[in-house]
Amino acid sequence: MSTFAKRERLLLADLLETVGPDAETLCEGWLTRDLAAHVIVRERRPDAAGGTLIKQLAPRLEKVMAEYTAKSYEELIRLIRTGPPRLSPFRLKQIDEAANIVEFYVHTEDVRRAQPEWTPRELDPVFQDTLWSRLERTARLMGRGVPTGLVLRRPDGQTAVAHRGTPVVTVTGEPSELLMFAFGRQSAARVELDGDADAITKLHDSRRLGI
């Protein structure tokens with residue numbers, strides 16, 4: 001079994017350490033300190049992490065996030081590197097790979113692509129295929145509510161339908177770039193869009209893309 005999640009975790013920790021606590025990210029309203037706290041809360045505080053999806057838990061999430069952002073930045077980096085607590089299900093390799101490959105890849109790119117003069121990473125084909133398999137499984141969820149039909153296409157022609165409807169916009173790119181697009185990082189994703197001009201404009205303007 002691959003260890004992509006562990007690799008991306010360590011890459012994220014190294015990058016956060018390099019750019020410091022006050023660097024920009026692609027996550028609106030978050031600096032690197034906030035992003036680091038989010039990653040940790042997601043793994044270590046399931047009692048609060050659900051606040052991203054469950055409205056009733058949002059105040060608790062806000063409180064716990066504030067507690068972690070108040071910690072030293074060095075401590076946050078250490079917690080990311082060492083991973084979740086010993087009894088956490090995230091400690092299981094299978095769960096770590098299933099839950100964290102995309103999480104850590106996207107957040108690493110959130111930091112990288114927010115920095116001046118960033119350049120694309122060279123990703124090996126096996127990792128691209130892994131990202132594509134994750135994207136295929138979640139495309140419908142990420143595309144729910146968008147105002148157009150939406151098809152995601154790899155350069156080799158493989159496609160995933162993110163939203164059924166007309167007119168259709170087809171987004172073409174490597175799986176890594178399609179993921180960034182599908183997660184709402186549209187301006188930073190290196191993809192090509194094909195379709196009706198008005199539909200493309202509506203898609204770009206929509207804030208419904210991503211989960």
Side-chain angles (χ1 to χ4, degrees), residues 1-16 25-27 35 38-39 42-43 52 80-81 83-84 88-115 118-146 148-165 168-195 200 203-204 206 208-211:
M1 178 177 291
S2 70
T3 56
F4 290 132
K6 182 177 180 180
R7 182 187 74 182
E8 294 299 308
R9 174 194 297 278
L10 296 178
L11 283 172
L12 176 59
D14 288 347
L15 184 57
L16 288 169
T25 77
L26 296 183
C27 300
L35 191 150
H38 158 75
V39 169
R42 175 179 172 271
E43 288 193 318
T52 57
I80 292 174
R81 281 204 177 102
S88 169
F90 285 111
R91 277 287 185 184
L92 298 175
K93 186 176 180 180
Q94 295 90 337
I95 295 178
D96 185 36
E97 289 291 298
N100 284 332
I101 289 177
V102 170
E103 175 80 7
F104 286 116
Y105 168 75
V106 170
H107 284 323
T108 296
E109 295 303 306
D110 282 337
V111 179
R112 290 186 67 256
R113 300 184 188 209
Q115 309 315 309
W118 70 273
T119 57
R121 290 167 57 189
E122 290 289 335
L123 300 179
D124 64 82
V126 175
F127 187 50
Q128 290 282 16
D129 286 344
T130 300
L131 294 180
W132 176 250
S133 70
R134 300 299 196 276
L135 183 58
E136 282 186 307
R137 295 173 198 168
T138 58
R140 295 286 180 88
L141 178 62
M142 290 189 284
R144 71 196 190 285
V146 298
T148 70
L150 179 61
V151 174
L152 307 175
R153 174 181 290 164
R154 297 183 69 168
D156 64 7
Q158 294 183 72
T159 60
V161 176
H163 187 73
R164 296 190 181 278
V168 175
V169 176
T170 300
V171 185
T172 302
E174 294 293 345
S176 52
E177 299 299 324
L178 293 173
L179 263 176
M180 295 301 291
F181 185 90
F183 270 86
R185 281 67 165 176
Q186 299 173 26
S187 62
R190 297 197 169 186
V191 295
E192 295 182 359
L193 278 68
D194 181 57
I200 291 173
L203 183 62
H204 271 305
S206 173
R208 295 296 299 277
L209 196 63
I211 58 176

Discussion item. Run the side chain to side chain contact (heavy atoms under 4.5 Å, CB included) test against Arg7 and tell me which residues pass, sequence neighbours left out.
Written reply: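 Applying side chain to side chain contact (heavy atoms under 4.5 Å, CB included) to Arg7 gives Phe4, Leu11, Arg121, Asp124, Phe127.
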Practice prompt. Looking only at non-hydrogen atoms, find the nearest pair between Gln128 and Ser176 and report the distance.
Written response: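 Shortest heavy-atom contact: OE1-N, 3.0 Å.
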Discussion item. For a quick test of reading the model, state the closest non-hydrogen atom pair linking Asp110 to Met180 and the distance between them.
Written reply: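 Scanning both residues completely, I find the closest heavy atoms to be OD1-CE, 4.0 Å.
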Worksheet entry | Pairwise side-chain contact, Glu103 with Arg42, heavy-atom cut-off 4.5 Å (strictly under) |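 They are in contact (side-chain heavy atoms under 4.5 Å apart), so the answer is yes.
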Discussion item. With heavy-atom distances below 4.5 Å as the criterion, would you say the side chains of Arg91 and Asp96 are in contact?
Written reply: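 No, side chains not in contact.
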Distance in Å, [X] [atom1] paired with [Y] [atom2], rounded so as to fall on 0.5 Å steps:
{"X": "Glu174", "Y": "Leu131", "atom1": "CD", "atom2": "CG", "value": "10.5 Å"}
{"X": "Phe183", "Y": "Thr138", "atom1": "CZ", "atom2": "OG1", "value": "5.5 Å"}
{"X": "Leu26", "Y": "Arg185", "atom1": "CG", "atom2": "CZ", "value": "6.5 Å"}

Practice prompt. Mark yes when over 12 heavy atoms from residues, nucleotides or ligands other than Arg164 sit less than 6.0 Å from its CZ; otherwise mark no.
Written response: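 No.
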Item to complete: Report, as yes or no, whether the 6.0 Å neighbourhood of atom CD on Gln158 holds more than 12 heavy atoms from other residues, nucleotides or ligands.
Response: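 Result for CD/Gln158: enclosed.
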Worksheet item: Between Glu97 (side chain) and Ala5 (backbone), is there a donor-acceptor pair under 3.5 Å?
Response: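 Judged by distance alone, yes, a pair lies under 3.5 Å.
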Worksheet entry | Arg144 side-chain N/O to Leu141 backbone N/O, donor-acceptor pair under 3.5 Å |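 Side chain of Arg144 to backbone of Leu141: a pair is present.
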Worksheet item: Considering residues at least two apart in sequence or located in another chain, which fulfil the side chain to side chain donor-acceptor pair (under 3.5 Å) criterion with Glu136?
Response: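 Partners of Glu136 under the side chain to side chain donor-acceptor pair (under 3.5 Å) test: Trp132.
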Discussion item. Run the side chain to side chain donor-acceptor pair (under 3.5 Å) test against Arg190 and tell me which residues pass, sequence neighbours left out.
Written reply: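 For Arg190 there are no side chain to side chain donor-acceptor pair (under 3.5 Å) partners, ignoring immediate neighbours.
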